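Not measured: the values here are computed from a predicted model.
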Amino acid sequence: MSALLAVSSLAVSFHQYERGLRRRTVVPLSAMDLTADRGELVALVGASGAGKTLLAHAVLGMLPPNAEESGDIRVDGEPLDPPARRARAGRGIALLPQSVTFLDPVTPVGRQLRRSAALAGRPDPRAAAATALTDRGLSPEVAGRYPHELSGGMVRRVLTAMAMMGSPDLVLADEPTPGLPAEAVRAVLHDLRRIADDGRAVVLITHDLPAALEVADRVVICHDGRTIDEVRPADFTGNGEALSHPYTRALWLALPANGFHLPEDS
Amino acid sequence: MLTEGVPAALRGFAGRLGRLVLLLVAVAVASFALMVNSPVDLVAAYVGADVASLGPEQRALIEERWGLNDPAHERFLAWLGNLVRGDFGFSATFNQPVLEVIGDKFLASLALMALAWLLSGVLGFGLGLLAGARQGRATDRVITWWAYTLASAPTFWVGLLLLYVFAVSLNWAPVCCAVPIGVPAADVTLLDRLHHLVLPAVTLSVVGIAPVVLHTRQAVIEALAGDHVAFARAQGERGFGLIRHRVVRNAAAPALLLQFSSLGELFGGSVLAEQVFSYPGLGAATTTAALNQDVPLLLGIALFTTVLVFTGNAIGDRVHAGVDPRAALADARRSR
């Protein structure tokens, strides 16, 4: 039995025209490999600009038209081209963001929830939206509010309700923790863990290695558009003796708790 | 909540009214100063062609009677006192009190300005949406190019072109006026009026359309690049649904604000458009008053357009706050 999500040798390049007809090709992703199975939480860790979010967009089939994609993305063992993946976005595959900017600022959240329900193919979007709110512990009057009238915790619950509307098998959580206080980070991670324990595959996309280590089953390290290492969280210990890849070890040793060590060659 | 809300709204309204009064006083002072320092000979303007037969004693008598030799501030205060009592003076050009002239002419202009305003708003917003949604493609380029052309084309020139094509060459539209010539007022049908209204309205809408197109296009592009649209896409929202559910409201706020604050430009454009089409509205009356040195009417029109523009801006603020609740919040914070 193959993994729910299997990304192999994914490369994405953009063609850009600058000043007249001179064509420039940018290759933000060159070789990404990632698998995630049901019940599993896989963390994709890398610095900003390493191509983590782009990978999520590729899996959702929402790369811009000037992007060119090669490699292989399989869902349930079946190779899917971008249109087929797009058809599953919001149903089998969901993006789970955490920031208020991902909500439409001028539409009450109730309407946004109803739209999510309709897009997910729920027969009665109104009822589905109302149930989703109460299931997340939000009172019905929240439906009439605008995103800027919600607290950070309420925003995250609304976004989760929208993302889970289609009962996805695969959840891509994009940068869920930056800028959050410690207890909010813990709550977000706990939620993600519970989503995975419900029998879904969760890919946690983050640059926050300590946060990832708290909940992930596996950690995939990416750097400069390629995945370079895959590690079990237990291997991140001590001075990184168990870590074979130099970049992974450098990442581990650079953490404040491990003494802020910078690699000697840099 | 409700008991708090009503006085707050009232207070806001009173504040706006106070600002309007201040603005009117400022406009009155400025236009009066302009009038006093202009080379307009009020007596000659009033008497007209017979001024040559006016002896110096008679002229001095009239000037004394009108108080033209009094200091400027006394004349200003006297004028202001008359204004407060509702006496805006008498228009020699139209042989009617100023207020009546403005009322009549504005009613004639109202249909023209309203149609042009709707046309530029609806068409501009639609084209802006289309251009923004298809950014960088042929549709976008054609619309943007067209908007820039309109933005740089003078109103009267567009009016002349339209007259030439549709009235002279194709004979589809009348060449002038608001009603057919030589037809008793009682026999003029609504269709006749509409027929005479179309070309001037299209000409006048040209003034406002380009800014709405370009601002809407920009707002659409910004909305489409936003996180909330990325999330909607990830939820399976596509094409028309994406524009309808996640972009239209975001783009509507700046377009509405712009449209309501453009009443001044609309009036400025009507001066030219009505002149080209000999349309007997407030714009044409302004030109006539200026050419005949009809000072009371000019001052009256200046004050009237101040109210018009102020009202447009005030409504624009309210509508903007209705579409984008964050704006209402910012307003409330500022007034606190």
Side-chain angles (χ1 to χ4, degrees), chain A residues 17 53 56-66 83 85-109 111-121 144-149 155 158-159 162-166 168 171-175, chain B residues 1-2 125 129 132-141 216 219-257 318-333:
Chain A
Y17 288 89
T53 299
H57 285 192
V59 171
L60 289 157
M62 50 186 274
L63 292 175
N66 64 334
R85 276 176 256 145
R86 211 174 298 147
R88 298 195 181 205
R91 292 166 184 245
I93 311 173
L95 182 71
L96 175 51
Q98 305 283 338
S99 149
V100 68
T101 57
F102 286 88
L103 289 173
D104 186 347
V106 296
T107 307
V109 293
R111 263 173 59 185
Q112 304 193 44
L113 275 163
R114 287 207 291 279
R115 188 62 193 157
S116 293
L119 287 168
R145 292 210 213 160
Y146 288 91
H148 69 268
E149 298 168 329
V155 164
V158 168
L159 284 166
M162 285 170 77
M164 305 309 281
M165 203 60 94
V171 175
L172 306 166
D174 193 8
E175 296 284 7
Chain B
M1 213 36 201
L2 204 71
F125 187 64
L129 274 183
R134 312 202 46 94
Q135 186 203 0
R137 310 214 201 152
T139 325
D140 175 34
R141 280 177 205 190
T216 306
V220 169
I221 291 172
E222 266 168 36
L224 282 175
D227 283 343
H228 78 273
V229 166
F231 186 40
R233 279 207 176 104
Q235 297 230 293
E237 193 81 87
R238 304 271 170 264
F240 181 69
L242 194 63
I243 298 292
R244 188 180 143 212
H245 291 282
R246 291 291 163 259
V247 174
V248 167
R249 268 180 83 96
N250 290 270
L256 282 168
L257 196 59
R318 302 295 307 171
V319 172
H320 184 221
V323 175
D324 187 343
R326 291 168 300 174
L329 198 71
D331 273 352
R333 280 211 192 104

Can you give me the closest heavy-atom contact between A/Ala89 and B/Arg233, atom names plus distance?
CB-O, 4.3 Å

Give, as side chain, backbone, both or neither, the part of A/Gln112 having an atom under 4.5 angstrom from any heavy atom of chain B.
both

Using 0.5 Å steps for rounding, measure from the CG atom of A/Leu103 to the CZ atom of B/Phe231.
7.0 Å

Contacting moiety of A/Leu159, where chain B heavy atoms sit under 4.5 Å:
both

Please give me the minimum heavy-atom distance between A/Met62 and B/Ala230, naming the atom from each residue.
CE-O, 3.3 Å

Between A/Asp104, A/Thr101, A/Val106, which is the residue that forms a side-chain contact (heavy atoms from CB on, under 4.5 Å) with B/His228?
A/Asp104

Counting heavy-atom pairs closer than 4.5 Å to chain B, which one of A/Pro168, A/Ser116, A/Pro147 comes out on top?
A/Ser116

Nearest heavy-atom approach of A/Thr107 to B/Arg246 is OG1-NH1, 4.1 Å

Any chance CZ of B/Arg318 has more than 12 other-residue heavy atoms, nucleotides or ligands included, within less than 6.0 Å?
no

Would you find a donor on one side and an acceptor on the other, under 3.5 Å apart, between the side chain of B/Gln235 and the backbone of A/Leu119?
no

Which atoms of B/Val323 are under 4.5 Å from chain A, going by heavy atoms: the side chain, the backbone, both sets, or neither?
backbone

Which portion of A/Met162 sits near chain B, non-hydrogen atoms under 4.5 angstrom
both

Closest non-hydrogen contact found for B/Gly241 with A/Arg115 is CA-NH2, 4.5 Å

